[in-house]
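Some notes on the structure that comes next.
Just so we're on the same page: letters track the sequence lines, and every chain starts at 1. From a predicted model like this one, the values you see are computed outputs, not experimental measurements.
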Protein chains: 2
Amino acid sequence: MTEHADPAITPYRPRATLREVAAMAGVSMKTVSRVVNGEAGVTPQKVDAVRVAISRLDYRPNVSASALRRSSGRTAAIGTVLEDLANPFSSVLLRAVEDVANERRVLILTGSVDEDQQRERTLVRAFTERRVDGLIIAPVGEDQGYLRAEMEAGTPLVFVDRQPQGLLADCVLSDNEAGARDAVHHLADAGHRRIAYLGDLALIPTAQQRFAGYQRALLERGLAPDPAHVVHDLHTVDDAARATAALLGAADAPTALFASQNLVTIGAITALQELGLEHRVALIGFDDFPLADLLQPRVSVIAQDPAAMGRAAAELLFQRLDGDRGRSRRLLLPTTTVPRGSGEIAPEAR
Amino acid sequence: MTEHADPAITPYRPRATLREVAAMAGVSMKTVSRVVNGEAGVTPQKVDAVRVAISRLDYRPNVSASALRRSSGRTAAIGTVLEDLANPFSSVLLRAVEDVANERRVLILTGSVDEDQQRERTLVRAFTERRVDGLIIAPVGEDQGYLRAEMEAGTPLVFVDRQPQGLLADCVLSDNEAGARDAVHHLADAGHRRIAYLGDLALIPTAQQRFAGYQRALLERGLAPDPAHVVHDLHTVDDAARATAALLGAADAPTALFASQNLVTIGAITALQELGLEHRVALIGFDDFPLADLLQPRVSVIAQDPAAMGRAAAELLFQRLDGDRGRSRRLLLPTTTVPRGSGEIAPEAR
DNA sequence: GACTCCCCTGACAAGGTTGTCAGAGCGCAT
DNA sequence: ATGCGCTCTGACAACCTTGTCAGGGGAGTC
């Protein structure tokens with residue numbers, strides 16, 4: 001660490017206010033307000049005087065004060081409550097929300113919840129205490145009923161990725177069950193009969209839906225579900241790697257794997273590589289991830305489109321902000337099967 | 001898309017204010033304020049009355065109004081201006097900032113600039129108009145002098161990833177030059193004499209520093225820099241893939257590649273795989289990326305630690321907010337050489 | 001019983017802004 | 001000269017809070 005020699009420490013000069021601008025320009029505060037907001041009815045020379053004062057004082061309107069006074073009360077900020085900003089799913093979604101919000105000059109407050117119900121509530125409360133204009137939430141836990149008060153106060157809510165419980169509200173979801181079903185059918189098409197399920201925390205609704213899709217496909221194919229081939233509650237790469245290794249080491253090991261989530265897929269690949277089985281055991285992961293097509297074998301996935309989800313959620317939110325008070329909507333985005341190699345490996349004759 | 005039948009549309013009930021709580025509890029507004037802020041000097045029965053009213057009305061303090069009135073004027077929110085939230089470097093950094101801010105119950109406003117100087121200014125202005133308590137900025141473009149006014153107004157600024165130009169302020173950087181130098185030495189140690197440089201936009205300061213490190217290492221090794229082995233201005237995976245293919249197809253092709261950035265590394269890998277050269281041409285990338293250790297060969301990198309940068313930047317910022325008015329500091333975080341395979345490939349005898 | 005002292009409480013103003021409205025100033029017709 | 005209508009402007013209140021301060025009331029002391 002190095003230290004710069006600073007120029008003499010300057011005492012802070014607090015930000016200029018409307019009042020000071022008005023004083024310098026020799027007009028009333030209201031006139032300054034008019035100029036700042038581009039309202040008509042100010043003579044050009046006063047406009048000029050105000051402009052000069054504004055730039056001389058480097059005046060910045062105080063948006064909070066303005067929102068406080070304005071009849072609409074809009075703060076031009078929305079809150080996003082996501083699972084984990086460091087996870088590409090969340091961050092890509094956030095970025096898409098940002099792009100839509102940006103067109104309307106709306107700012108974004110954001111935070112991660114990490115599957116922590118309490119944290120979800122804390123964040124929502126912090127956001128509403130700042131009077132955000134709307135909220136986009138990837139909900140966690142069993143009950144979002146506590147949000148009814150926000151809706152009644154006129155703050156639109158859009159849920160993404162997971163459906164809210166105990167509350168009727170707009171939401172944007174992937175078709176998790178259909179996607180999982182596709183994955184299993186795809187593996188079955190390649191000839192597999194022993195297909196394992198590697199699942200995320202069983203209490204997460206999307207994990208439940210994916211598991212339901214897995215079960216349904218087995219049923220449709222007349223394959224007997226084997227409890228020994230189902231593992232739940234894998235939430236990290238290491239969990240998943242360990243579970244995969246255990247599965248493949250057991251008697252009657254599966255010949256194909258369905259990994260129900262990003263990190264689980266990566267854990268499975270890690271284990272497969274360690275066992276040298278990556279070209280012999282088939283694998284399909286739910287949710288695409290960067291570099292999936294540079295691995296050997298390339299990894300087949302059921303792709304969600306987090307950017308599309310973010311965009312859709314933001315657009316829905318802004319429709320509400322624009323006054324749409326219609327019934328609440330549920331957008332189900334289809335998933336895409338992306339065959340790249342790992343999912344097309346045929347079972348070995350034994 | 002499906003539509004739910006909503007319960008009868010309820011007219012919005014605007015949020016309750018302090019005044020209403022006071023009226024319901026039969027006390028003055030100030031007393032409610034005291035209860036809300038946990039100030040001493042209210043009899044237990046009045047506290048109870050207020051508590052009851054608060055929960056009956058579902059009262060939420062208006063943080064903006066509160067900040068406006070409070071002497072400190074703190075909004076308990078900071079702004080982060082990052083390169084691209086969808087890029088893991090930015091999002092991991094953001095997440096680290098969030099974790100530090102969270103301990104202090106400070107919220108985060110964020111936005112992406114995409115190398116757009118104008119956007120940087122717009123975002124900073126939007127944030128300061130909301131009176132954020134501080135800013136963390138990954139600066140873009142040639143001049144951050146316009147931020148002097150913010151510093152003078154008492155808003156602490158911390159720069160990350162890149163040094164600000166034309167302004168003396170705290171910053172947290174990776175030691176780009178040393179890292180690049182290490183990479184080239186590492187390749188030279190493996191016996192390479194024709195080492196190519198694949199660089200990001202040449203106007204980005206970090207790219208310049210990495211190029212400087214590359215040049216210095218060649219010099220130290222007595223290797224003649226070959227202009228044909230230097231490519232600048234690669235900013236996407238496709239750019240990098242094309243450039244790599246061109247380099248390797250030319251006469252006197254390099255036997256080793258130094259990719260100066262994430263996406264460039266991935267582009268180089270793509271090209272190497274297409275040419276079937278991934279096991280014959282050495283590669284070291286600047287900046288680690290997920291799955292680098294699952295590729296074949298595993299990819300050697302010079303790792304930065306974006307989480308550490310985010311944490312350090314946030315801690316620096318909060319020190320300033322806690323009143324530290326010392327000289328501005330420059331934190332230079334070391335990079336780590338992570339040998340995984342691709343950087344240890346020996347040159348082929350020809 | 002008079003007096004101090006302390007604890008609670010509320011009235012009032014202020015923080016930076018905008019909505020309302022009345023008044024000032026002007027041109028023009030009568 | 002008077003009246004009318006118009007445009008431009010500022011005084012004032014209000015948005016929701018909190019800081020300040022003075023007053024009311026009770027307990028404790030002499």
For B:Arg104, does the CZ atom have more than 12 heavy-atom neighbours from other residues, nucleotides or ligands under 6.0 Å away?
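Yes, CZ of B:Arg104 has more than 12 neighbouring heavy atoms, counting only those of other groups under 6.0 Å.
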Considering only NZ, NE, NH1 and NH2 on the basic side and carboxylate oxygens on the acidic side, decide whether A:Arg320 and A:Glu315 come within less than 4.0 Å.
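A salt bridge is absent here (no side-chain N lies under 4.0 Å from a carboxylate O).
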For B:Glu150, is there an ion pair with A:Arg13 - N to carboxylate O distance below 4.0 angstrom?
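Answer for the salt bridge query: no.
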Which sits closer to the 5' end of DNA chain D, B:Ser71 or A:Ala40, going by the nucleotide each is nearest to?
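So the residue in question is A:Ala40.
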The helix from C:dG1-D:dC30 to C:dT30-D:dA1: angle between end helix axes, five pairs per end, rounded to 10 degrees
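That helix has its two terminal axes inclined by roughly 70°.
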Nearest 0.5 Å please: distance from the CG atom of A:Leu85 over to the CD1 atom of B:Ile108.
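A:Leu85 atom CG to B:Ile108 atom CD1 measures 8.0 Å (nearest 0.5 Å).
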Between D:dC15 (C1') and B:Arg15 (CZ): distance, integer Å
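Taking CZ of B:Arg15 and C1' of D:dC15, I get 16 Å after rounding.
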DNA chain C: 5'-proximal contact among A:Glu39 and A:Ser64 (nearest heavy atom)
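Its nearest nucleotide being more 5', the pick is A:Ser64.
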5' precedence on DNA chain C between B:Gly41 and B:Leu68 (nearest-nucleotide basis)
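Going by which nucleotide is closer to the 5' end, it is B:Gly41.
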Row check, A:Tyr146 ring normal vs A:Arg121 NZ/CZ: under 6.0 Å, within 45°
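Output yes; distance and angle both within limits.
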I'd like the 5' and 3' limits of the part of DNA chain C contacted by chain B, with heavy-atom contacts below 4.0 Å.
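Here the contact window of chain B covers C:dC8 to C:dG16.
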OP1 or OP2 of D:dT9 less than 4.0 angstrom from a side-chain nitrogen or oxygen of A:Thr31, does that happen here?
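Checking D:dT9 against A:Thr31, no side-chain N or O comes under 4.0 Å of OP1 or OP2.
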Under 4.0 Å, heavy atoms only, any strand: does A:Val63 hit a base, just the sugar-phosphate, or nothing?
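No contact.
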Base, sugar-phosphate, or nothing: which does B:Arg60 touch, judged by heavy atoms less than 4.0 Å apart?
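Sugar-phosphate, backbone atoms only, no base.
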Heavy atoms only: give me the nearest A:Glu120-A:Val140 pair and the separation to one decimal.
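It is OE1-N, 2.7 Å.
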